[in-house]
Peer 1: 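The structure is given below, and queries will be raised subsequently.
Any value given below was found using the heavy atoms of this structure, including those in side chains, with hydrogens, waters and symmetry copies removed. In what follows, every chain begins at residue 1, and chains take the letters A, B, ... in the order their sequences are listed.
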Amino acid sequence: MRGFNFTLPPIAWATAGTLVSLTLLVFLMSDPAAAAGAAEGAAVAAMDTQPWWFWPLVLLVFCFVLGIIAVLAGVGGGVLYVPLVSGFFPFHLDFVRGAGLMVALAGALAAGPGLLRRNLASLRMALPMALIASASSIGGAVLGLHLSQLNPDILQICLGTTIVGIAVLLLMSKNSAIPDIKKQDALGMAFGIGGTYFDESMNQKVSWKTHRTPQALITFILIGILAGMFGLGAGWANVPVFNLMMGAPLKISVATSKFLLSITDTSAAWIYINQGCVIPLMAIPSIIGLMLGSFVGVRLLSIAKPKFIRYMVIVVLLFAGLKAIDKGLHIGLLG
Amino acid sequence: MSQHTDPDIRPMPEQIIYANILGMGAYLGILVMVVTYILYVTGIIGAHIELEMVVRNWHLNVQQFIQVTNAPRGWGWVALLGKGDYLNFLGMALLALLTIVCYLVLLPGFVRRKDWTYFGICVAEVVVLSLAASGIFGSGGH
């Protein structure tokens with residue numbers, strides 16, 4: 001937590017405070033026993049005495065704030081949505097994962113056009129990786145739904161472990177703005193991965209190329225499986241692979257990752273839709289809330305302190321991950 | 001935007017068409033979702049599964065939910081488009097079909113460039129996404 005600037009602008013405190021307050025509010029409003037037992041069945045139905053519009057409305061507001069936070073913290077909506085909503089809302093994990101994928105897909109589709117027009121999202125880098133990741137995400141989605149049917153606790157524990165891993169990854173990873181790649185690998189050269197973009201902050205053209213293409217392709221198998229299995233989206237993994245493993249510039253990596261999500265999440269989303277895992281009553285307020293929040297988040301980006309928000313998101317992810325593990329193991333330490 | 005006139009930086013024309021289709025489709029899909037959701041929750045169009053029944057059962061896993069609510073699987077929702085809840089799938093399906101359409105747009109550009117590697121990758125991706133959308137993978141019930 002070194003390097004914190006405690007003279008934060010009000011917006012940073014307000015955003016941070018709102019996320020924590022909303023999480024607490026939802027936590028208090030939801031019967032912990034019911035939330036913990038969401039997978040256990042009938043006991044939950046008896047507790048939900050709220051009118052039908054209550055949870056969709058709370059979800060809309062919650063996702064709006066989540067959308068702001070996600071943009072400020074530089075993470076996708078899905079990675080925050082799945083652990084928090086599955087931990088504090090009364091929906092079964094099957095429906096949370098289905099909605100999480102639709103949330104990630106809608107966000108990626110809305111961001112894609114601008115990134116493609118500015119030539120920041122690299123088609124030549126995205127297309128081979130997308131093929132591997134989208135095929136794997138189908139496998140992940142099928143595996144996730146099978147595990148959920150077999151024993152939802154296993155899935156909860158795996159989700160919690162993954163979320164804790166993501167939090168650690170976000171904490172540890174150091175991005176490199178423009179990595180210096182001396183020699184491109186043969187496969188990368190065959191694919192013609194590389195290009196030139198105009199960096200507005202430096203006011204100059206930047207040429208780039210990549211290396212370690214085979215390693216990246218193999219890593220995208222794992223990323224695809226995780227994205228499909230947990231409905232998380234996978235920007236948290238795509239960016240380090242493009243930037244740190246392959247050596248693409250950070251701007252190209254972020255943009256290509258967002259574009260890639262629109263392809264990877266499409267294949268997994270269809271599996272969840274076809275399996276009946278998307279309930280419009282809760283999925284649509286989630287999508288709309290997160291998108292509206294993202295628009296506001298982009299506007300706040302220039303005045304907020306993303307570093308503080310990022311640390312806060314890491315703490316929230318750690319908590320959500322540990323709660324999922326706690327829930328899966330039936331320890332009951334975190335409610 | 002002056003940098004876009006630089007041939008080094010300018011994206012290929014199909015990429016712009018891809019972006020345009022994606023942009024229009026995404027916003028249309030979201031608009032359709034909002035409109036159909038309002039029609040659904042206000043009760044203007046009656047639902048296949050009553051709102052209270054959804055709320056009472058969304059804690060169940062998907063198998064149990066389908067059993068209790070008689071919800072359709074796979075593309076079964078198309079037959080229920082006259083119902084408010086399944087009308088919502090129109091917007092979601094539009095979002096989930098966009099990428100397949102966009103990939104088809106890329107194909108002529110790769111053919112023109114005789115870039116058979118990327119042509120093959122695009123064809124394979126269309127096959128993968130179409131298979132996912134078809135419902136072959138596990139939508140037939142357990």
Peer 1: Indicate whether any N or O donor in one side chain lies under 3.5 Å from an N or O acceptor in the other, for B:Gln15 and A:Asn119.
Peer 2: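 Side chains of B:Gln15 and A:Asn119: pair found under 3.5 Å.
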Peer 1: Report the C-alpha separation of B:Ile121 and A:Phe191 in whole Å, then their side-chain angles, then the decisive distance to 0.1 Å, and conclude whether the side chain to side chain contact (heavy atoms under 4.5 Å, CB included) test is met.
Peer 2: CA-CA 11 Å; B:Ile121 288 172; A:Phe191 281 139; 3.8 Å; yes
Peer 1: Verify side chain to side chain contact (heavy atoms under 4.5 Å, CB included) between A:Ile287 and B:Met33, making sure each step is shown before the conclusion.
Peer 2: CA-CA 9 Å; A:Ile287 297 168; B:Met33 274 197 297; 3.8 Å; yes
Peer 1: Which bit of B:Leu98 comes within less than 4.5 Å of chain A, counting heavy atoms only: side chain, backbone, both or neither?
Peer 2: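 The side chain, not the backbone.
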Peer 1: Between B:Ala71 and chain A, with a heavy-atom cut-off of 4.5 Å, which part of the residue counts as in contact: side chain, backbone, both or neither?
Peer 2: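 Interface part for B:Ala71: neither.
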Peer 1: Determine the minimum heavy-atom distance between A:Pro113 and B:Ala19, stating which atoms define it.
Peer 2: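 So the minimum-distance heavy-atom pair works out to CB-O, 3.3 Å.
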Peer 1: Are side-chain heavy atoms of A:Arg124 and B:Asp115 found at a separation under 4.5 Å?
Peer 2: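 A:Arg124 reaches B:Asp115 side chain to side chain.
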Peer 1: By a 4.5 Å heavy-atom criterion (distance strictly below it), what part of B:Leu97 contacts chain A: side chain, backbone, both, or neither?
Peer 2: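 Interface part for B:Leu97: both.
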Peer 1: Which atoms of B:Tyr86 come close to chain A, meaning under 4.5 Å heavy atom to heavy atom: side chain ones, backbone ones, both, or neither?
Peer 2: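 It is neither, since no heavy atom gets under 4.5 Å.
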Peer 1: Ring centres of B:Trp58 and A:Phe95 under 6.0 Å apart?
Peer 2: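 Not under 6.0 Å, so no.
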Peer 1: Measure distances from A:Ala121 to the heavy atoms of chain B and classify the residue's part below 4.5 Å as side chain, backbone, both or neither.
Peer 2: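 Contact with chain B: backbone only.
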Peer 1: Is A:Leu281 in contact with chain B via its backbone, its side chain, both, or neither, using a 4.5 Å heavy-atom distance?
Peer 2: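 Looking at A:Leu281, backbone and side chain both touch chain B.
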Peer 1: Specify the closest pair of heavy atoms between B:Ala96 and A:Leu105, including all atoms of both residues, with the distance to one decimal.
Peer 2: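 The pair with the smallest heavy-atom distance is CA-CD2, 4.1 Å.
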Peer 1: Could you tell me if the side chain of A:Met291 sits less than 4.5 Å from the side chain of B:Ile30, heavy atoms only?
Peer 2: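 Touching, per the 4.5 Å side-chain cut-off.
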Peer 1: Would you sort out whether B:Leu106 and A:Leu123 count as a side chain to side chain contact (heavy atoms under 4.5 Å, CB included), showing the intermediate values?
Peer 2: CA-CA 10 Å; B:Leu106 287 179; A:Leu123 274 183; 3.9 Å; yes
Peer 1: Kindly say whether A:Pro285 contributes a backbone atom to a donor-acceptor pair with the side chain of B:Tyr37 at under 3.5 angstrom?
Peer 2: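 No, B:Tyr37 side chain to A:Pro285 backbone: no donor-acceptor pair under 3.5 Å.
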Peer 1: Quick check for you: to the nearest 0.5 Å, what is the distance between A:Thr266 atom OG1 and B:Leu95 atom CG?
Peer 2: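 Between atom OG1 of A:Thr266 and atom CG of B:Leu95 there are 8.5 Å.
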Peer 1: Check whether more than 12 heavy atoms from other residues, nucleotides or ligands sit under 6.0 Å from atom CD of B:Gln67, and answer yes or no.
Peer 2: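 No, CD of B:Gln67 has 12 or fewer neighbouring heavy atoms, counting only those of other groups under 6.0 Å.
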Peer 1: Given that the side chain runs from C-beta out, which part of B:Ala47 has a heavy atom under 4.5 Å from chain A: side chain, backbone, both or neither?
Peer 2: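 No part of B:Ala47 comes within 4.5 Å of chain A.
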Peer 1: Specify whether B:Tyr18 and A:Phe259 have parallel, tilted or perpendicular ring planes, treating 30° as the upper limit for parallel and 60° as the lower limit for perpendicular.
Peer 2: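 Perpendicular.
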Peer 1: Check whether A:Ile138 gets within reach of chain B through its side chain, its backbone, both or neither, counting any heavy atom under 4.5 Å.
Peer 2: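 Only the side chain of A:Ile138 comes within 4.5 Å of chain B.
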Peer 1: Where is the tightest heavy-atom contact between A:Gly276 and B:Ile66, given as atom of each residue plus distance?
Peer 2: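 Heavy atoms of A:Gly276 and B:Ile66 come nearest at CA-CD1, 4.4 Å.
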Peer 1: Supply the atom-to-atom distance A:His92 NE2 to B:Asn61 CG, rounded to the nearest 0.5 angstrom.
Peer 2: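 With rounding to 0.5 Å, NE2 (A:His92) is 4.5 Å from CG (B:Asn61).
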Peer 1: Write down the atom of B:Glu125, the atom of A:Ser134, and the distance for their closest heavy-atom approach.
Peer 2: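 So the minimum-distance heavy-atom pair works out to OE2-OG, 2.6 Å.
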Peer 1: Over all heavy atoms of both residues, which pair between B:Val62 and A:Gln275 is shortest? Give the atoms and the distance, please.
Peer 2: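 Looking at all heavy atoms of both residues, the shortest contact is CG2-O, 3.3 Å.
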Peer 1: At a 4.5 Å cut-off on heavy atoms, which part of A:Val96 comes close to chain B: side chain, backbone, both, or neither?
Peer 2: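 Nothing of A:Val96, per the 4.5 Å heavy-atom cut-off to chain B.
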Peer 1: Examine whether an atom of B:Cys122 lies under 4.5 Å from a heavy atom of chain A, and if so say whether it belongs to the side chain, the backbone or both; otherwise answer neither.
Peer 2: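 Side chain only.
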Peer 1: Would you call A:Asp94 and B:Phe65 a side-chain contact if the rule is heavy atoms closer than 4.5 Å?
Peer 2: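 No, side chains not in contact.
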Peer 1: How about B:Trp75 and A:Trp270: are their ring centres within less than 6.0 Å of each other?
Peer 2: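 Yes, the ring centres sit under 6.0 Å apart.
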Peer 1: Which of the residues B:Thr117, B:Leu131, B:Val128, B:Ile16 is involved in the greatest number of heavy-atom pairs with chain A at under 4.5 angstrom?
Peer 2: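 If we count pairs closer than 4.5 Å to chain A, B:Val128 comes out on top.
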Peer 1: Can you confirm whether B:Met92 sits close enough to A:Pro280 that some side-chain heavy atom of one is under 4.5 Å from a side-chain heavy atom of the other?
Peer 2: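 Yes, at least one pair of side-chain atoms sits under 4.5 Å.
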Peer 1: Are the side chains of A:Trp52 and B:Val41 in contact, using a 4.5 Å heavy-atom criterion?
Peer 2: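 Yes, side chains in contact.
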Peer 1: If you count heavy-atom pairs under 4.5 Å with chain B, which of A:Gly98, A:Gly114, A:Ala130 comes out on top?
Peer 2: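 Answer, by heavy-atom pair count under 4.5 Å with chain B: A:Ala130.
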Peer 1: Report the option among B:Val54, B:Asn88, B:Ile49, B:Leu22 that has the most heavy-atom pairs separated by less than 4.5 Å from atoms of chain A.
Peer 2: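 Ranked by heavy-atom pairs under 4.5 Å with chain A, first place is B:Leu22.
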Peer 1: Would you call A:Arg117 and B:Asn20 a side-chain contact if the rule is heavy atoms closer than 4.5 Å?
Peer 2: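 A:Arg117 vs B:Asn20: side chains touch.
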Peer 1: Evaluate B:Phe110 against A:Leu127 for side chain to side chain contact (heavy atoms under 4.5 Å, CB included), listing each step before the verdict.
Peer 2: CA-CA 12 Å; B:Phe110 289 128; A:Leu127 297 190; 4.0 Å; yes
Peer 1: With a 4.5 angstrom heavy-atom cut-off, could you sort out which part of A:Ile288 is near chain B: side chain, backbone, both or neither?
Peer 2: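 For A:Ile288, side-chain heavy atoms alone lie under 4.5 Å from chain B.
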